[in-house]
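Single-structure report; data block below.
Naming convention: chains lettered A, B, ... in sequence-line order (proteins, then strands); numbering from 1 in each chain. Note that the coordinates shown come from a computational prediction; the quantities given were computed from them, not determined experimentally.
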Amino acid sequence: MSNEESFWDIRLEKLQRLRELGFDPYKIERWDTPKSADKLHADFIEGTEVSFAGRISSYRDMGKAGFAHISDGDGKIQAYFRRDELGDDAYEAYKLLDLGDHIGVEGKLFLTKTGEQSIHVSKFHPLSKAMHPLPLGKEKDGHVFSGLQDIEIRNRHRHLDLMANKEGRTKLLNRSRIVAAVRSYFNDCGYLEVETPLLQQEAGGAAARPFVTHYNEYEIDVKLRISLELYLKRIICGDVQKVYELGRVFRNEGVSYKHNPEFTLLEFYEAYANLEDMMRHVENCFKYVAFTVFGSTKIDVPHEDGYLSIDFGQPWARVDMLDEIAKHTGVQRDQLLELSSAVDALGAGARVNGVTGKRVVPGEERNLGGLLEKLLEVYVEPTLIQPTFVIGYPLEISPLAKKDPNDSRFTRRFEGYVLCSEICNSFSEINDPIDQRERFDFQVGEAAAGDEEAHPMDEEFLYALECGMPPTGGCGIGIDRMAMLLTGSSTLREILLFPYMRPPASSEQAVESTPDHKEH
RNA sequence: GGGUCUGUAGCUCAGCGGUAGAGCAGUGGCCUUUUAAGCCAUUGGUCGAGGGUUCGAAUCCCUCCGGACCCA
């Protein structure tokens, strides 16, 4: 008999005995929990009759009496059990409880000798049995001992992480509060939330490779969306003036601390609005969310062995893309206006940013836009700590943004950066259908030349533009990165309840503690 | 795809060529205000998998499978 089987078998025997004693943990359907543990502490009056339920997070048996802490996930309260008051059967049932079981209790609030607010239990019932040993570490002065550290187990078996790691739990739950606040901001601004298709013939609106799946009934391959853009603009074309969607998009690329194959994107579009309006919304949205969720427009985030205060209460800095690249590469702005002169000035070989180790090879870039994008990433991004809008992106990499009326090599587009990370992307949307068709034609050419992320042609979208789209401002915000930033997380996995993980090699490794005689 | 680190009991970790360890959890016993409860006893491991070197491998080497962090 292995150790794992004996854990299971012992708990099975306890379960059986509980049933014999009339304490079947799986029989009860509800238990009154009018107050959370935190609220019981806050409203504590000795002698008050209370009812409470939760998971046993500590357990001390002293022969004819015992104590246990009962956690409702966010807070916990101690309960006191006495044999002489509960009776022999109930006390035996108490002794059959394990760390991790859920129980409901009723009793009077009292203070122990050492002054801890507790429940003197007059009645209790187990409400579920933990059939596996749980990583509920002991705790003193807020420090948890022998809890759950293994990052892989925390990510793969998130329920264990949620119950065992208070700090991680708070971040994950704050992510939901951030999403709720974003919704609330746009609803309050008069935007209409809409839902558009996840399954698409052509996945457009961004530069990324899609996931492909098969639609049996029509015998066609369909793609999972990579952005929300084109459908939302078709709604604008239908004279709905302010729309947003907050939804999951999918990109068939690698996983990193800031990439997950599926992520949550917010896109909002407003007719008769321009880049200025979009910047105002981004500023106000971050300010609103930070204040709503964290109570302050200043957020302290870990940064280089210390903390850094990011201030969302101020308007964001605004810089010109080309100016910044010129400033950080030492190349004259004028030389960055043509691919050939830029390569001459930079040198065709690899250039490495000495601070970050990131590198760019100017000679390998096919067009000016691609080179400038790379230079921005290598030289400028690492310097953008406080909230900053970078304005004026090159035409080739902006197939959906209006041309800059003053220089048609550039577009009316900006991206927002905070803590060296891109956080939003916004354009004044192209509403000239002829210009848009030319841009798609160029992208189709790029695809033919081997660019797997080039934008596909979309005739239905063009038809909508041809029917007339008002001048429109649009913007996308990566909600996961926003959550990462606001919660001070260093990886996306800290704010994704179920981050993508490579499937375990074998079913045996899938759930380490599961004996094989059980289903999972 | 490349580099660095990493995988030992349910959990947290030590051991780094010479008989597999500790704390917690678990099990049995004592204990009616404990709280990282305590005291006594005790169970539990193919040291990620496979191959090699060696008289001898958790330890050294190779391959593979996971994971973390950098870079692409």
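With Gln117(A) as the partner, the side chain to side chain donor-acceptor pair (under 3.5 Å) test is satisfied by one option alone out of Gln78(A), Glu46(A), His41(A): His41(A).
In this structure, the nucleotide among rU32(B), rC70(B), rG67(B) sitting nearest to the side chain of Met501(A) is rG67(B). Comparing rC31(B), rC13(B), rU34(B) against the side chain of Asp61(A) picks out rC31(B) as the nearest. Among rG26(B), rC31(B), rC13(B), the nucleotide with an atom closest to any side-chain atom of Gln149(A) is rC13(B). Side-chain proximity of Met62(A) to rG67(B), rG26(B), rC31(B): nearest is rC31(B). Distances from the side chain of Phe7(A) to the nucleotides rU33(B), rG10(B), rG67(B) place rG10(B) closest.
Distances shorter than 4.0 Å separate none of the side-chain N or O atoms of Arg60(A) from OP1 or OP2 on rU34(B). The phosphate of rA37(B) (OP1 or OP2) has a side-chain N or O of Lys138(A) nearer than 4.0 angstrom. At the phosphate of rG67(B), OP1 or OP2 sits under 4.0 Å from a side-chain N or O atom of Arg156(A).
Heavy atoms of Asp150(A) sit under 4.0 angstrom from primed sugar atoms or phosphate atoms, though from no base atom. Contact annotation for Lys14(A): backbone-only contact, meaning every heavy-atom pair under 4.0 Å involves sugar-phosphate atoms and none involves a base. Contact annotation for Ser256(A): no contact, since no heavy-atom pair falls under 4.0 Å across all strands. At a threshold of 4.0 angstrom between heavy atoms, the contacts of Arg359(A) are confined to the sugar-phosphate backbone, with no base atom among them.
With rounding to the nearest 0.5 Å, the separation of NZ in Lys171(A) from CE in Met484(A) is 9.5 Å.
When the P atom is compared between rG15(B) and rC71(B), the two are found 30 Å apart, to the nearest whole Å. Taking atom C1' on both rG45(B) and rA20(B), the two are 8 Å apart, rounded to the nearest angstrom. The separation of rG38(B) from rC24(B), taken at their C1' atoms, amounts to 15 Å, rounded to a whole angstrom. If you take atom C1' in rU46(B) and the same atom in rU8(B), they sit 12 Å apart, rounded to whole Å. Remark: the separation of the P atoms in rU19(B) and rA57(B) is 12 Å, to the nearest Å. Comparing the same atom, P, in rC5(B) and in rG44(B) gives a spacing of 36 Å after rounding to whole Å. Comparing the same atom, P, in rG51(B) and in rC11(B) gives a spacing of 26 Å after rounding to whole Å. One C1' atom belongs to rC61(B), the other to rA9(B), and the distance between them is 28 Å to the nearest Å.
Side chain Arg82(A) to base rU32(B): a donor-acceptor pair is found below 3.5 Å. In the interface, the side chain of Gln78(A) is paired with the base of rU34(B) through a donor and an acceptor atom under 3.5 Å apart.
Arg413(A) forms no cation-pi arrangement with Phe427(A), by the criterion of a distance under 6.0 Å to the ring centre and an angle within 45° of the ring axis.
Here Phe67(A) pairs with Tyr80(A) under the ring pair (Phe, Tyr, Trp, His ring centres under 6.0 Å) rule; sequence neighbours left out.
Base pairing analysis places rU12(B) opposite rA22(B); the two distances defining the Watson-Crick or G-U wobble pair are each below 3.5 Å. Summarising the base pairing, rU32(B) is matched to no nucleotide, lacking a Watson-Crick or G-U wobble pair whose two defining distances lie under 3.5 Å. In this structure, rC5(B) and rG67(B) make a Watson-Crick or G-U wobble pair, each of the two defining distances being under 3.5 angstrom.
Residues Tyr91(A) and Phe81(A) keep their aromatic ring centres 6.0 Å or farther apart.
Projected onto RNA chain B by closest heavy-atom contact, Leu99(A) and His69(A) fall at different nucleotides, the more 5' of which corresponds to Leu99(A).
In this structure, Asn260(A) contributes its side chain and Phe263(A) its backbone to no donor-acceptor pair below 3.5 Å.
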